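In this text, all values refer to a predicted model and were calculated from it rather than measured experimentally. Protein chains get the first letters and strands the later ones, always in sequence-line order, with residue 1 at the start of each.
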Protein chains: 2
Amino acid sequence: MSVDTAAIETVNQDFYTAIEAGDLDRMTEIWAEDSADEQVSCVHPGWSLLAGRSEVLRSWALIMANTTYIQFVLTDVSTTVLGDVAVLTCVENILTAGDEGESSFAAGKVVASNVYVRTPQGWRLWMHHGSPVLQGDDDEEDGELEH
Amino acid sequence: MSVDTAAIETVNQDFYTAIEAGDLDRMTEIWAEDSADEQVSCVHPGWSLLAGRSEVLRSWALIMANTTYIQFVLTDVSTTVLGDVAVLTCVENILTAGDEGESSFAAGKVVASNVYVRTPQGWRLWMHHGSPVLQGDDDEEDGELEH
């Protein structure tokens with residue numbers, strides 16, 4: 001793992017830790033700044049696309065305000081550095097709880113593509129796209145692809 | 001729109017035209033080559049992540065073989081060029097038909113994030129992530145975000 005890759009994966013872990021902790025300040029630091037005519041983008045599982053820093057951060061504030069407990073275990077983390085851009089894909093194995101506490105724990109799996117850009121302040125998040133895994137597990141998919 | 005942006009959006013349109021036409025040869029040209037330890041990635045709506053050129057192209061062959069008719073109308077196309085990388089987001093408004101012809105037409109909406117890389121052969125697709133839009137339309141979402 002290169003130095004770059006380690007730095008990117010550290011920020012990526014910080015991103016999920018910020019969600020777990022409901023830390024909107026840290027989330028605000030992790031996202032890149034919009035430029036004159038280009039905007040960061042975020043797709044939450046099952047949502048339409050959100051564009052622009054203010055809309056994206058507002059969505060995180062909303063999610064954090066409505067989340068009692070959430071825990072991410074990341075697997076299959078894979079990072080590609082292309083100049084000053086990094087494409088990181090991972091699987092978010094999610095454990096959540098609703099207002100009813102332990103009786104309402106639920107587990108889910110989301111596949112995420114995260115794009116980071118190199119800035120003077122370090123790697124910042126330019127795009128997050130998470131989507132629900134609706135069909136069976138990987139083995140079934142492999143079967144469909146007729147290995 | 002810069003020259004670069006126009007070139008990227010042309011390749012992006014070619015990508016969807018290739019799906020519509022069931023043109024696996026064109027699809028093969030559009031995807032970038034894997035490098036030594038880095039692989040292209042593709043997430044179809046509701047699927048797990050596919051990594052590597054051969055797995056990704058096999059999935060497209062499977063989808064093409066099982067698609068009677070599909071038409072894409074792209075909206076909200078937005079392209080950011082970051083050095084030799086471009087992040088393009090768009091909404092895929094999809095019309096499909098099953099084996100029963102007109103009686104089985106269905107419409108759907110998918111949000112897509114596509115990452116292209118600049119190569120000596122032009123812009124090539126490095127990552128495609130498409131996800132189903134499960135909740136209400138944009139206006140409802142805006143309402144939830146308490147505009």
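- Between A:His44 and A:Trp60, the ring planes lie perpendicular to each other; the angle is over 60°, past the 30° to 60° tilted range.
- Heavy-atom distances place both the backbone and the side chain of A:Ser113 under 4.5 Å from chain B.
- A pairwise comparison of heavy atoms in A:Trp47 and A:Val43 identifies O-CG1, 3.6 Å as the closest pair.
- Ranked by heavy-atom pairs shorter than 4.5 Å toward chain A, the options B:Pro132, B:Ser78, B:Ser131 are led by B:Ser131.
- The choice from A:Gln39, A:Met127, A:His129 that makes the most heavy-atom pairs within less than 4.5 Å of chain B is A:His129.
- In this structure, the portions of B:Thr80 lying under 4.5 Å from any heavy atom of chain A include both its backbone and its side chain.
- Using a 4.5 Å cut-off between heavy atoms, A:Ala112 touches chain B through its backbone atoms (N, CA, C, O) alone.
- In this structure, the ring of B:Phe15 has its center no less than 6.0 angstrom from the ring center of B:Trp123.
- Side-chain contact between B:Val110 and B:Ile94 is present, with at least one heavy-atom pair separated by less than 4.5 Å.
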### Message
Let's go through A:Gln121 and A:Glu29 carefully: what are the C-alpha distance in whole Å and the side-chain angles of both, what is the deciding distance for side-chain contact (heavy atoms from CB on, under 4.5 Å) to 0.1 Å, and is it a yes or a no?
### Response
CA-CA 10 Å; A:Gln121 292 78 41; A:Glu29 293 170 356; over 6 Å; no

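- Between chain A and the residues B:Asp37, B:Asp84, B:Val87, the most heavy-atom pairs under 4.5 angstrom are made by B:Val87.
- A:Thr79 touches chain B through its backbone: at least one of N, CA, C or O sits under 4.5 Å from a heavy atom, while the side chain does not.
- The heavy-atom pair separating B:Met64 from B:Ala18 by the smallest distance is CE-O, 3.6 Å.
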